[in-house]
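As structure tokens, the structure follows; a few thoughts come after it.
Predicted, not measured: the structure shown is a model, and the values here were computed from it.
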Amino acid sequence: MSFAVRLLLAAWIGGFLLFRLVPELDLGTAGLFYRAGEGFTVITNPLWEWLRQRIWDISIVLFVVSLVAWPWAGLRHRTVLRLPARIWAFICLLYLLGPILVVNGVLKANSGRARPANVDLFGGAHHFSLPGTFTNQCSRNCSFVSGEVAAAVALGLLIWLGAELWRAHLPRWGVLYLRAVGVFVAVFIIVQRIGTGRHFLSDTYFAGLVSLTVAWLLWGILFAGWGARLVAQVRGEARRES
């Protein structure tokens, strides 16, 4: 078992047990930004909301561009914006399978977890529920998990990988700068979503894990040849049995 597999498994299992056994992590973190009688008013600078919207816009544009660039590069057997079809496939599938399908299509649509601002402990009318518990405290666009954090982590990861891709053409400070930007994008959205009462800490944690897990799977299939090896193994076993 590779180090990446062990790390992801530890993050999933450890995070699930921690947030389930210590709900104070969610409640305490949300409470840092809550003021009785006022709501989640700690973050009021409009610049935060503006930056949040621009990061969201970048993810949307990047996904839409990848929808066109992937088949265009593949059919022409040429790069699009200096990126080959396989990288455009990685970008497209990362957003499609992570934030769009798993997060918004499955978890947010069915979890039923109320957002912090809607929980009775923070002035709302619904009950707090543990992460991973599918309940009826929310009917749609629910708290578990965060779609924007999943997209922001995907974007931050792409920026980080871009720094590695262009390492030979960038000065060392440029690589470090892009890495810092990638980390900032993810951390900023996490803090903004928690600080405005839209998500619990666990919502952001598992949203990030979804994107990282999908990225790891796609990397193995598209760049490490997992799919080709699996097909070869199945064909070899079929020939031996025949």
Residue pair [X] / [Y]: nearest heavy atoms and the distance that separates them:
X      : Y      : value
Lys108 : Cys142 : NZ-O, 2.6 Å
Cys92  : Leu67  : SG-CD2, 3.5 Å
Ser129 : Thr135 : OG-CG2, 3.6 Å
Ala109 : Gly105 : CB-O, 3.7 Å
Pro116 : Ser143 : CD-OG, 4.0 Å
Thr79  : Pro84  : CG2-N, 4.0 Å

To the nearest 0.5 angstrom, please state how far the [atom1] atom of [X] sits from the [atom2] atom of [Y].
X      : Y      : atom1 : atom2 : answer
Trp56  : Ile189 : CH2   : CD1   : 9.5 Å
Trp166 : Arg82  : CH2   : CZ    : 9.5 Å
Glu148 : Gln192 : CD    : CD    : 7.0 Å
Ile87  : Leu81  : CD1   : CG    : 11.5 Å
Phe206 : Ser111 : CZ    : OG    : 12.5 Å
Phe3   : Leu8   : CZ    : CG    : 9.5 Å

Inset, instruction - Show your reasoning for whether side-chain contact (heavy atoms from CB on, under 4.5 Å) applies to Phe90 and Leu161. - result: CA-CA 11 Å; Phe90 179 83; Leu161 292 176; 3.9 Å; yes
With a 4.5 Å limit on heavy-atom distance, are the side chains of [X] and [Y] in contact?
X      : Y      : value
Ser211 : Pro99  : yes
Val149 : His199 : no
Leu178 : Trp160 : no
Leu130 : Pro23  : yes
Ile159 : Val185 : yes
Leu9   : Arg6   : no
Pro131 : Phe16  : no
Val42  : Arg35  : yes

[X] side chain to [Y] side chain, donor-acceptor N/O pair below 3.5 angstrom:
X      : Y      : answer
Arg113 : Ser202 : yes
Ser146 : Asp203 : no
Asp120 : His126 : no
Thr196 : Trp48  : no
Ser59  : Tyr95  : yes

Legend entry - Audit row: Trp72, Trp88, side-chain contact (heavy atoms from CB on, under 4.5 Å) steps and yes/no: CA-CA 10 Å; Trp72 185 250; Trp88 284 117; over 6 Å; no
Inset, instruction - For the pair Phe122 and Phe200, name the ring-plane relationship: parallel under 30°, tilted 30 to 60°, perpendicular over 60°. - result: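 Tilted: the ring planes of Phe122 and Phe200 meet at 30° to 60°.
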Inset, instruction - Look at the aromatic rings of Phe19 and Tyr205 and report parallel, tilted or perpendicular, splitting at 30° and 60°. - result: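 Rings of Phe19 and Tyr205: tilted, 30 to 60°.
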Are [Y] and [X] connected into the same hydrophobic cluster when the rule is that any two of I, L, V, M, F, W, Y join if their side-chain heavy atoms are below 4.5 Å apart?
X      : Y      : result
Leu157 : Val191 : yes
Phe184 : Leu62  : yes
Val210 : Leu18  : yes
Val5   : Leu222 : yes
Phe223 : Leu158 : yes

Inset, instruction - Determine, step by step, whether Leu25 and Val22 satisfy the side-chain contact (heavy atoms from CB on, under 4.5 Å) criterion, reporting the C-alpha distance in whole Å, the side-chain angles of both residues, the deciding distance to 0.1 Å, and the verdict. - result: CA-CA 6 Å; Leu25 281 175; Val22 190; 4.1 Å; yes
Legend entry - Criterion side-chain contact (heavy atoms from CB on, under 4.5 Å) against Phe63, the qualifying member of Ile91, Ile100, Ile58: Ile100
Inset, instruction - State yes or no: are the ring centers of Phe40 and Phe33 separated by less than 6.0 Å? - result: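 Ring centres of Phe33 and Phe40 not closer than 6.0 Å.
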Inset, instruction - Step through the shown structure and confirm whether more than 12 heavy atoms of other residues, nucleotides or ligands are within 6.0 Å of OH on Tyr177. - result: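 Open.
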Legend entry - Atom CZ of Arg78 with >12 non-hydrogen neighbours under 6.0 angstrom: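 Atom CZ in Arg78 is not packed in, count stays at 12 or less.
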Inset, instruction - Would you mind checking if Glu164 and Arg179 are paired as a salt bridge, meaning a charged N to carboxylate O distance below 4.0 Å? - result: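 Yes, Arg179 and Glu164 are salt-bridged.
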Inset, instruction - Using a strict cut-off of less than 4.0 Å between a Lys/Arg side-chain nitrogen and an Asp/Glu carboxylate oxygen, indicate whether Arg20 and Asp26 qualify as a salt bridge. - result: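 No, Arg20 and Asp26 are not salt-bridged.
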Legend entry - Quiz item: cation-pi between Arg52 and Trp50, 6.0 Å / 45°: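 No, Arg52 does not sit over the ring of Trp50.
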Legend entry - Criterion side-chain contact (heavy atoms from CB on, under 4.5 Å) on Leu7 and Trp12, from CA distance to verdict: CA-CA 9 Å; Leu7 187 62; Trp12 277 106; over 6 Å; no
Inset, instruction - Look only at the side chain of Asn118 and the backbone of Ala114, and say whether a donor-acceptor pair between them is shorter than 3.5 Å. - result: no
Legend entry - Thr204 (side chain) donor-acceptor with Leu201 (main chain) under 3.5 angstrom: yes
